Asker: 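The structure follows.
What you see is a predicted model; the values in this text were computed from it and never measured. Order of the sequence lines sets the chain letters (A, B, ...), proteins ahead of strands, with each chain counted from 1.
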Amino acid sequence: MLTFGTGNKAVATAVRDAKPVVVAAYPITPQTEIVEEIANFVNDGSLDARYIPVESEHSSMAACIGAAATGVRTFTATSSHGLVYMCEMLHMSAGARLPIVMANANRSIGPGWNIGAEHTDSLSMRDTGWLQVYVSSVQEAYDATLMAFRIAEHTDVLLPVMINLDGFVLTHITQTFETVEPGDFIPPVATPHAIDIENPGGYGTLTPGDTHFTFRRDIERGMQASIPVIVETEAEFARRFGREYHLYDEYRTDDADVIIIAMGTLGKEMEVAVDILREEGVRAGAVRMRWFRPFITPDLDGKDVVVIDRDYSFGFGGIVANELQAKCGCEPFSVIAGLGGQEVTYDDIAEFVRIRKPGTEYWFGVND
Amino acid sequence: MYEIRLHSRGGQGGVTAAKLIAYAAFLDGKYATATPLYGAERRGAPVVSFIRIDDEPVRVYSQIRNPDLVIVLDESIMELVDVLKGIHPDGEVLINSQKGTTVEGHRTYPVDLTGISLSLDLVLAGNPILNTPLIGAIAKLGIISQESAKQVIAETFRDERNVDAALRAYEELKI
């Protein structure tokens, strides 16, 4: 069904359509509309779920962990300070191999107090064992949320998935999106280690080093196994519902000499910058990275690379730029832009390409 | 792509108005986006919303810098904010005005949205409702169809006086 709504509404609608059994909720700007809309769906009977209002984000993830351990589908949403507050439980959920799905409205972390879009919140959760996908439209927010359940719950993966959408820029924009009837696109959850009262077992017991080590390696195996599962899920989604997604989005890259890389909504806006540069005779292309974990790198051999990071790792640099450099051996022009919801336009992005100096870092809008 | 910048004061319903106009464009079969610009919201402060309407999916998320249409819901804002900043050379201006205010250099459509609402006693929490007459005015400018304007109002507002308000604005706006 074709409908019209915000990015938050799209996520909540996808959750309704994926039919989780437990939703734990704690509000935080700018994701509050997600848990409010889900509460409406539970209230009007369109979603038959146990809705647990909790006292904090640490508790919302703990409630999801408890529910997911019994083998049911779970969902929660958060943002910024809420995400970092639940950090301990993020490690716990991935470590326990529980396929929880969560939406994160990417928002800056204070102080200085700021509620604008920034990716540092989710990127600082890099090593928790969560899969992370970044979306760039209201439609993609809906589609990626549906696919997240299928990917997380796949028995080759059994890892939690975080859908990231730019705070305000995408959570609060209103656009067209089409809903689908997922049917058996999302099969019933079949968590092999779900708590079973007929076959009691121990959970959370002390794990000696050698066993712990094996569990850690198994998380990495699940992470690597997620790549073919994502590919297969996206292909099946396209076959059933007609919308195509890929590990990363390419725009006019075929004969490109210079590639712009970004995640989230800037990764969509930069397509317009590519069109402008092409008219100037610059053979530019764009790659919008969708998956940050697992980290899936495009082929950048022989290309000039401009990376826009809406994030920063103090003492190191732009997070995406540095991870790309480590994986691809390229020397990107690292642009730090859009932090705290800073306005970045397609004209600004085109200018980043014009002024690029490979191997250097550039803070957009900072005069010193 | 047709771009609209809407200036209002916090509490006047500008953010909702932007969503309703975009929704009407969606019903017309267009791709539309409505974007509120969030800052330190407070009742009475100048706020801005953006609407983009296109035949293709909209790829742009940044603020509108060169609007084709500027809507001013409270003309006293024009003393505080340069509402014409960056307006397209052929850009037009729609001003909610009880005194027929116009601007130099751009085609201006003054329309008394406040007066229309007050005459119908369409008042919410002490403020006249400006959304629904505005939708009528936008339909008159041909940006959205009459049918979609009616459907948006019917779906969003129960009180039938809202339809009357839209029709009045449609009739009163001179093009």
Asker: What pairs with A:F364 under ring-ring contact (aromatic ring centres under 6.0 Å, His included), at least two apart in sequence or on another chain?
Answerer: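 A:F364: ring-ring contact (aromatic ring centres under 6.0 Å, His included) contacts with A:F352.
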Asker: Sort B:V58 into side chain, backbone, both or neither according to what part of it lies under 4.5 angstrom from a heavy atom of chain A.
Answerer: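 The answer is the backbone of B:V58.
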Asker: Decide side-chain contact (heavy atoms from CB on, under 4.5 Å) for B:Y170 and B:Q146; before the verdict, give the C-alpha distance in whole Å, the side-chain angles of both, and the deciding distance to 0.1 Å.
Answerer: CA-CA 9 Å; B:Y170 188 91; B:Q146 282 187 58; 3.0 Å; yes
Asker: Would you mind checking which part of A:L266 comes under 4.5 Å of any heavy atom in chain B, side chain (CB onward), backbone (N, CA, C, O), both or neither?
Answerer: neither
Asker: By side chain to side chain contact (heavy atoms under 4.5 Å, CB included), which residues pair with B:D90, not counting sequence neighbours?
Answerer: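 Residues passing side chain to side chain contact (heavy atoms under 4.5 Å, CB included) with B:D90: B:H88.
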Asker: Rounded to the nearest 0.5 Å, how far apart are CG of A:L277 and CD1 of A:I349?
Answerer: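 A:L277 CG to A:I349 CD1: 10.0 Å, rounded to 0.5 Å.
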Asker: Checking heavy atoms, do the side chain of A:V272, its backbone, both or neither come under 4.5 Å from chain B?
Answerer: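 Its backbone and side chain both get close to chain B.
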Asker: Enumerate the residue pairs fulfilling side-chain hydrogen bond (donor to acceptor under 3.5 Å, both in side chains) with a member in residues 69-82 of chain B, sequence neighbours excluded, ordered by first and then second residue.
Answerer: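 For residues 69-82 of chain B: B:R9-B:D74, B:R9-B:S76, B:D74-B:S76, B:E75-B:S97, B:E75-B:T101.
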Asker: Any side-chain to backbone donor/acceptor pair from B:R168 onto B:I116? Under 3.5 Å, distance only.
Answerer: no
Asker: Let me see the donor-acceptor pairs closer than 3.5 Å between chain B and chain A, or none if nothing turns up.
Answerer:
residue	atom	partner	partner atom	Å
B:A34	N	A:T174	O	3.1
B:A34	O	A:T174	N	2.9
B:R59	NH1	A:Y251	OH	3.0
B:R59	NH1	A:E271	OE1	3.3
B:R59	NH2	A:D275	OD2	2.8
B:Y61	N	A:E269	OE1	2.6
B:Y61	OH	A:S136	O	2.4
B:Y61	OH	A:Q175	NE2	3.4
B:S62	N	A:E269	OE1	2.9
B:S62	OG	A:E269	OE2	2.5
B:Q63	N	A:E343	OE2	2.7
B:Q63	NE2	A:E343	OE1	3.4
B:R65	NH1	A:D347	OD2	3.1

Asker: Find the distance between NE2 (B:H7) and CG (B:N96) and round it off to the nearest 0.5 Å.
Answerer: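 With rounding to 0.5 Å, NE2 (B:H7) is 14.0 Å from CG (B:N96).
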